[in-house]
Structure formats: C-alpha cells, structure tokens
Amino acid sequence: MDWLFIERNIPLYIEATKLTLGIGALGVVLSVMIGFLCSMVRYYRVPVLNRVVGIYIELSRNTPLLIQLFFLYYGLPKIGIKLNAFVIAVIGLTFLGASYMSEAFRGGLEAVNKIQEESGLSIGLTKPQLMRYIILPQALAIAMPSVGANVIFLLKETSVFSAIALADLMFVAKDLIGMYYKTNEALFMLVVAYLIILLPISVIFSVLERKARYAGFGN
C-alpha cells in the first residue's frame with residue numbers, strides 16, 4: 001500500500017465527498033417530501049392521482065437509476081431540454097428515492113389500526129386532527145426503519161453518477177486507477193470515504209428507531 005500516494009490524493013476525495021454529499025442530501029430531502037405526498041395520495045386513494053402515483057412508483061422502482069440518468073442526460077437534450085449534470089443527478093436520485101419513500105410511509109400509515117381512526121372520529125376529531133395527532137406519529141415511528149434504510153440506499157446509489165461525468169467519489173477513484181494504476185489505494189480511499197459518510201447516518205437512524213420504538217411500545 002502506497003501511503004504517500006494516499007496522502008497526496010486525499011484532497012481529491014474530500015472535494016468528491018462534498019459533491020457526493022451535496023447531491024445525496026438534496027436528493028434525500030426531496031425524496032422524503034415528494035414521497036410523503038405520494039403516500040398520502042395512495043393512503044387516501046385520491047381519484048386519478050392514485051393511479052398516476054401508482055404508475056410512477058412501479059416505473060421508478062423497476063428501472064435502474066443508471067438508465068434513468070442516461071435518459072435525462074442524453075434524452076432530454078433531444079427535445080430541447082438541457083440541464084447540467086448536477087441537476088440531473090439530483091432529479092434522478094429524487095425520482096428513484098421518492099418512490100421508495102412513498103412506499104415506506106404508506107406502509108407506516110396502513111399499519112396503524114383502523115379502530116384508532118374510528119375512536120378519534122367518535123370523540124369529535126376532524127380528519128386533519130386525526131392524521132396529525134393519532135395516525136401520523138405512529139406511522140412515522142413504524143416507517144422509521146424503512147426510511148433509514150432508504151436513505152442509506154440512496155446515498156450508496158450516488159456511486160453511479162460518474163457515468164454522467166460528475167466528479168464524485170467513484171469518478172475520482174476510477175480516474176486515479178486509470179492514470180496511476182494504483183487500484184488498491186484508490187479503492188481503499190473510496191471505501192473509507194463511503195464509510196465516513198454512511199456510518200454516522202446509520203448510527204443516527206439506529207438511535208431514532210430505538211427512540212421511536214420506546215415511545216410507541218415502551219421498554
């Protein structure tokens with residue numbers, strides 16, 4: 001292992017990590033927001049929109065992110081829509097992530113016992129109050145493990161963005177291997193960089209899951 005080579009190229013990985021985190025953070029936040037809205041549409045079975053959201057979820061979850069990125073990066077310019085690689089990466093990650101988040105939230109919503117809804121209505125709660133005070137807190141606690149797993153999954157999926165010429169972690173690793181043939185060193189730094197990103201997030205969600213579980217069911 002050439003430690004001098006590793007030390008010399010750490011700044012490249014730091015910059016690539018910043019880019020990867022920027023794309024990942026935006027993609028995750030937008031995925032949560034859009035996914036939650038989609039889950040509400042599915043939960044309440046809103047006419048027309050429910051079918052549209054269902055088609056979107058099946059399309060998104062059953063096509064690889066790389067194919068989606070290629071469509072956005074190479075296909076949209078054919079119809080006059082030109083976006084930079086960063087925006088395309090965020091859109092692609094959001095398109096994929098929102099479908100997974102939607103199903104995670106919908107699973108939490110539908111896991112809440114229907115008798116609690118009936119009890120809330122019987123004591124005079126409106127439907128918005130019922131959702132806010134009874135259904136949503138329990139649904140989020142139930143969905144927390146799935147949401148955490150989806151966040152980690154989406155951050156790992158950022159490794160394909162090198163295919164659209166973004167200088168992310170995978171791009172830097174492949175570039176160094178191609179120029180210097182330092183495969184072990186480049187991959188070692190790649191693994192370390194992803195561990196630095198993903199381990200804290202994994203720990204945070206483990207704590208959140210434990211707190212949500214204790215709040216819902218006690219020790």
Side-chain angles (χ1 to χ4, degrees), residues 1 3 5-36 39 60-61 65-66 69 85-105 107-108 136-164 166-177 183-217 219:
M1 189 74 73
W3 297 106
F5 176 83
I6 291 175
E7 182 180 352
R8 190 167 63 246
N9 288 286
I10 283 176
L12 291 176
Y13 279 85
I14 291 174
E15 291 303 313
T17 299
K18 291 178 182 178
L19 177 63
T20 299
L21 279 174
I23 296 170
L26 281 172
V28 166
V29 170
L30 291 173
S31 294
V32 169
M33 294 170 59
I34 297 172
F36 180 75
S39 71
S60 174
R61 297 208 307 169
L65 176 57
L66 186 60
L69 291 175
F86 183 90
V87 173
I88 286 174
V90 172
I91 293 173
L93 196 64
T94 301
F95 183 80
L96 177 70
S99 61
Y100 281 90
M101 292 296 182
S102 174
E103 292 300 276
F105 288 131
L136 200 54
Q138 296 181 75
L140 291 177
I142 294 167
M144 189 63 68
S146 297
V147 171
N150 287 339
V151 169
I152 292 172
F153 162 72
L154 291 175
L155 290 174
K156 289 192 292 185
E157 284 292 288
T158 59
S159 61
V160 305
F161 292 146
S162 60
I164 56 171
L166 274 174
D168 64 347
L169 287 167
M170 184 62 74
F171 182 94
V172 169
K174 291 193 295 186
D175 202 35
L176 290 175
I177 292 171
T183 304
N184 292 338
E185 290 81 358
L187 293 180
F188 172 76
M189 287 189 284
L190 179 65
V191 170
V192 170
Y194 271 109
L195 284 175
I196 290 172
I197 294 172
L198 295 173
L199 275 179
I201 294 173
S202 179
V203 171
I204 289 169
F205 271 101
S206 294
V207 172
L208 291 175
E209 289 170 24
R210 194 157 55 244
K211 288 184 176 296
R213 185 167 63 249
Y214 289 168
F217 305 106
N219 294 328

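Residue numbers count from 1 along this sequence.
- Annotation: the span from Phe86 atom CZ to Ile164 atom CD1 amounts to 10.5 Å, rounded to 0.5 Å.
- Note that CG of Leu198 and NZ of Lys156 are 7.0 Å apart. Values are rounded to the nearest 0.5 Å.
- The closest side-chain heavy-atom distance from Thr17 to Ile196 is not below 4.5 Å.
- By the 4.5 Å heavy-atom criterion applied to side chains, Phe95 and Ile34 are not counted as neighbours.
- Using cut-offs of 30° and 60° for the angle between ring planes, the Tyr100 and Phe153 rings count as tilted.
- Side chain of Asp168 to main chain of Ala16: no donor-acceptor pair is present (N/O by atom type, distance under 3.5 Å, no hydrogens or angles).
- One distance of note links CG of Leu30 with CG of Leu154; it measures 11.0 Å at 0.5 Å rounding.
- Looking only at side-chain heavy atoms (C-beta outward), Val28 and Thr94 stay at 4.5 Å or farther from each other.
- Using a 4.5 Å heavy-atom cutoff, the side chains of Tyr194 and Met189 are not in contact.
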Stepwise side-chain contact (heavy atoms from CB on, under 4.5 Å) check, Asn150 with Glu103:
CA-CA 10 Å; Asn150 287 339; Glu103 292 300 276; over 6 Å; no
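- In this structure a side-chain-to-backbone donor-acceptor pair under 3.5 Å is present from Tyr13 to Ala186.
- Between Ala89 and Leu166, the shortest heavy-atom contact is CB-CD1, 3.5 Å.
- Of all the heavy atoms in Gly35 and Met101, the pair that sits closest is CA-CB, 4.2 Å.
- Qualifying side-chain hydrogen bond (donor to acceptor under 3.5 Å, both in side chains) partners for Thr20, counting only residues two or more places apart in sequence or in other chains: none.
- Between Glu209 and Pro145, the shortest heavy-atom contact is OE2-CA, 3.4 Å.
- Considering only residues two or more places apart in sequence or on other chains, Leu65 meets the side-chain contact (heavy atoms from CB on, under 4.5 Å) condition with Gln68, Leu69, Leu93, Leu96, Glu157, Val160, Phe161.
- Looking only at distances, no side-chain donor or acceptor of Ser102 sits under 3.5 Å from a matching main-chain atom of Ala98.
- Atom-to-atom distance recorded for Ile6:CD1 and Leu176:CG is 10.5 Å, nearest 0.5 angstrom.
- Residue Ile177 forms a side-chain contact (heavy atoms from CB on, under 4.5 Å) with just one option from Val172, Leu187, Asn184, and that option is Leu187.
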CA sep, side-chain torsions, deciding dist, call: Trp3, Glu7, side-chain contact (heavy atoms from CB on, under 4.5 Å)
CA-CA 6 Å; Trp3 297 106; Glu7 182 180 352; over 6 Å; no
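- A distance of 10.5 Å separates CG in Leu12 from CZ in Phe171, rounded to the nearest 0.5 Å.
- Of the possible donor and acceptor atoms, none in the side chain of Thr158 sits under 3.5 Å from a partner among the backbone N and O of Gly24.
- Results of the side-chain contact (heavy atoms from CB on, under 4.5 Å) test with Leu169 over Leu21, Leu19, Val191, Leu190 single out Leu190 as the only residue that passes.
- With values rounded to the nearest 0.5 angstrom, Leu195 atom CG is found 10.5 Å from Ser202 atom OG.
- In plain terms, the two heavy atoms of Arg61 and Ser99 that are nearest each other are CG-OG, 3.3 Å.
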